Q: 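Below: one structure in structure tokens.
Because the structure is a prediction, the values reported are computed rather than measured. Proteins come first, then strands; the chains are lettered A, B, ... in the order of their sequence lines, and each starts at number 1.
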2 protein chains.
Amino acid sequence: MSDTKRPPGTFPGVTLADVARAAGVGESTASRVLRNRGSVSERSRAKVEAAAERLAYLPNRLAGNLASTGSNLVGIVIPSLANVVFPDFLSGVNQVLEANGHQSVIAVSEYSPRREEALIASLLAWRPAGLILVGLDHTEGAKARLRASGTRLVEAYDTDGVGLDRIVGFSNRNAGAMAARHLVTRGYTRIGYVGHSIHGDIRAVKRFEGFRAALAETELDVVAREIGTGTSSVEAGREGLARLLAQGTEVDACYFSNDDMALGGYFHCLSRGIEVPNQLALFGHNGLEMARHAPQPLTSIRTPRAKMGEVAARMVLGQEQGRMIDLGFELLEGGTT
Amino acid sequence: MSDTKRPPGTFPGVTLADVARAAGVGESTASRVLRNRGSVSERSRAKVEAAAERLAYLPNRLAGNLASTGSNLVGIVIPSLANVVFPDFLSGVNQVLEANGHQSVIAVSEYSPRREEALIASLLAWRPAGLILVGLDHTEGAKARLRASGTRLVEAYDTDGVGLDRIVGFSNRNAGAMAARHLVTRGYTRIGYVGHSIHGDIRAVKRFEGFRAALAETELDVVAREIGTGTSSVEAGREGLARLLAQGTEVDACYFSNDDMALGGYFHCLSRGIEVPNQLALFGHNGLEMARHAPQPLTSIRTPRAKMGEVAARMVLGQEQGRMIDLGFELLEGGTT
DNA sequence: TCATCATTTGGCAGCGCTGCCAAAATTTGG
DNA sequence: CCAAATTTTGGCAGCGCTGCCAAATGATGA
């Protein structure tokens, strides 16, 4: 197309120049038409559009973005895809980005700050319009790169600490505290905790800290705890509660690091005939759909995951004012407390 | 850096030329060092690496890929992020891609073929190394573009039909058939079906078709069915089963389009004191973790989601031989049948 | 009618990198 | 020691597009 003699293996590839030639206009005019930018006569517009259609022209964003220095990509680093909450978040991000003609490059850190640092560097190489990260904790190297790059940055999911640029999320500490106060108000005093491996899930740790701090307000503390070694899951919750109860300490309520874990705990109670909430109350976190529709809806805290994604995306696109937006959370009073 | 007078608002940006100059070598040599390609003397290598480090050089992949015609991006279009199965799949894809120095650009079609077509065009504009799609059903326009682009393509999740290039997945028809045979073998004869909206979820439809075809082998058919209007969820399953039973038709087993739906059904039975499986047997699909750890593990079919992602990624990178790989599935005999 | 102003247009220099090629430096062997 | 073979190196033309600028065209009013 754009060249008659061309290496045999290479796919032709219609270029903007081809379209311009076919339409009988200059390259710039063709470019203006295809991007709806600048003023173009109806005549030219029609000719270019027809030519582009006829040649099945596919713009090359690599070239376009390079020339205009800046891409319409947004880099996103999440800790995991296995945990339902992050897809929910991504969903929100994606919706807003797509509506604004942006595209998301997604990377998964597996809760490893070192991996995150490498991924950030890798994403910055695309000269993205912005970056969205989860949490406020990053390696020093990552922070340095981010600052140096000058890329717009949004940190989501955590407002307990200082961020690098923009922040959207909620206070995990306060979420934990709300759980504690709810249990205290309901009269529970012998409270246990079942969590998943803390390895990297700093926000779960913050919740637990907030939980204990709030208990301490009424001179209480967790009487037993059981921390799994793996990631959060129904199975881990089920086994965690089993182990907690096997410790022998008397417990009248249990706080879980997560709804999956709590649902596992609930399943354990069903299996063993433990009456919920009379013998044992259960409290989760996240307000997952599946847990809300159990025979006894799980008492939990609903976190604004999709909303957070939407706001994060809008922030990264510069459509949101504040530097820090706390979206809060909501107590879901279920039947398990 | 690379230019003394530079528009004030623009971020400097260290270029390869800057690194080369600082290291006292030519651009090509610097490029070779930073890409580990071609032969370079130890001396030059050290100088370039030091300079890159000192200047905090960040390569520009936009330029790199444009120059070398071809990117290390892989485009992925999935129907939804809300359904747990796709993150599982993505997880597998991502793992392999990252290990091979590739990056994934993810787009979500929301089960709309028209959206999928637009997203495909958008992804192709990045001149990706390859594309991964879910399912075999695409608009004619999308197929034409894909064929014309010559991009390597992998279609995942479905082997019931003809694909455009490479395929990895399993037969949804056969999965449905296996479910039916299992129920028949166990002696159930009055079988109902609770599904979610078919709008776009062609694979769920294929399963149901396979299910009915297998029932027909023993002169049976579904005696009642209830199809929700929304997406698959625990709530939809719970309400679906409630409606199915309210129809009045006597039913001794129920097949669900999905594990979420089936878990919802199970919750309904627990709430209403319906004995499972004596009064009603339940059969799901996907083998989700949460359903396997219910008091009575759900009978289901485990699908190789992460594995499928890994194979899809390997196929797209050209590391896998066959054009079509059927990964099969596995019957999970739980306590609900 | 022609000068004046607004609109539309095309040429061309880059964006930062890679690939090619010829030149320079180094090694080898007679 | 020198010629030949090998390794290493740098210059420079693109990759396909956008942004800038000056030129061409069209519209307006005296």
Q: B:L16 side chain: which of C:dG19, C:dC17, D:dT18 is closest?
A: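 Side chain of B:L16 sits closest to C:dC17.
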Q: Taking NZ, NE, NH1 and NH2 as the nitrogens, is one of them in A:E27 or A:R21 under 4.0 Å from a carboxylate oxygen of the other?
A: no
Q: Between A:R35 and D:dT18, is there a side-chain N or O to OP1/OP2 distance below 4.0 Å?
A: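 Indeed, a polar side-chain atom of A:R35 lies that close.
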Q: Check the distance between D:dT25's P and A:E42's CD and give it to me in whole angstrom.
A: 20 Å
Q: Want to settle it: does B:L66 or A:S44 sit nearer the 5' end of DNA chain C, counting the closest nucleotide to each?
A: A:S44
Q: Of A:S28 and B:S41, whose nearest nucleotide on DNA chain D comes first from the 5' end?
A: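 Its nearest nucleotide being more 5', the pick is B:S41.
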Q: If you only use heavy atoms from C-beta on, which nucleotide in D:dT18, C:dG19, C:dT9 is closest to the side chain of B:R37?
A: C:dG19
Q: Rounding to a whole Å, what distance do you find between B:K47:NZ and D:dT8:C1'?
A: 12 Å
Q: For A:W126 and C:dC17, what is the distance between atoms CH2 and P respectively, to the nearest whole Å?
A: 13 Å
Q: Can you find a side-chain donor-acceptor pair between B:R45 and B:S41 that sits under 3.5 Å?
A: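 Their side chains do not contain a donor-acceptor pair, so the 3.5 Å distance test is not met.
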Q: Please report the distance, rounded to the nearest Å, between CG in A:N72 and P in D:dT18.
A: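 About 12 Å, once rounded to whole Å.
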Q: Calculate the interatomic distance between B:L62 atom CG and D:dG16 atom C1'; express it in whole Å.
A: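 One finds 12 Å between C1' of D:dG16 and CG of B:L62, rounded.
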Q: I want to verify a distance call: between C:dG16, C:dT9, D:dG16, whose nearest atom is closest to the A:A63 side chain?
A: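 Among C:dG16, C:dT9, D:dG16, the one nearest the side chain of A:A63 is D:dG16.
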Q: Just N and O in the side chain of A:Y57: are any of them under 4.0 Å from OP1 or OP2 of D:dC17?
A: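 Affirmative; the distance criterion is met.
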Q: Quick one: is B:R43 getting a side-chain N or O under 4.0 Å of the C:dA25 phosphate, OP1 or OP2?
A: no
Q: To the nearest Å, give me how far apart CZ (A:R61) and P (C:dG16) are.
A: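 Rounding to the nearest Å, CZ of A:R61 and P of C:dG16 are 20 Å apart.
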Q: Does any donor atom in the side chain of B:H138 or B:E117 lie under 3.5 Å from an acceptor atom in the other side chain?
A: no
Q: Determine, for B:D160 against B:R203, whether the closest basic-nitrogen to carboxylate-oxygen distance falls under 4.0 angstrom.
A: no
Q: Go through it in stages, so that I can follow the logic: the residues are A:R166 and A:E320, the test is salt bridge (Lys or Arg N to Asp or Glu O under 4.0 Å), and I'd like the CA-CA distance, side-chain angles, deciding distance and then a yes or no.
A: CA-CA 10 Å; A:R166 310 287 160 96; A:E320 201 73 60; over 6 Å; no
Q: Could you say whether A:N65 or B:S39 is positioned toward the 5' end of DNA chain D, judged by the nucleotide with the nearest heavy atom to each?
A: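 Going by which nucleotide is closer to the 5' end, it is B:S39.
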Q: Which listed nucleotide (C:dG10, D:dG16, D:dT18) is nearest to the side chain of A:T29?
A: C:dG10
Q: Please give, in whole Å, the distance from D:dG16 C1' to A:R21 CZ?
A: 13 Å
Q: Of the nucleotides C:dT9, C:dT18, D:dG16, which one has an atom closest to the side chain of A:N60?
A: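 Taking heavy atoms from C-beta onward, the closest nucleotide is D:dG16.
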Q: Would you mind reading off the distance between B:D18 atom CG and C:dG16 atom P, rounded to a whole angstrom?
A: 9 Å
Q: Does B:R32 make a side-chain donor-acceptor contact with the base of D:dG10, cut-off 3.5 Å?
A: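 Yes.
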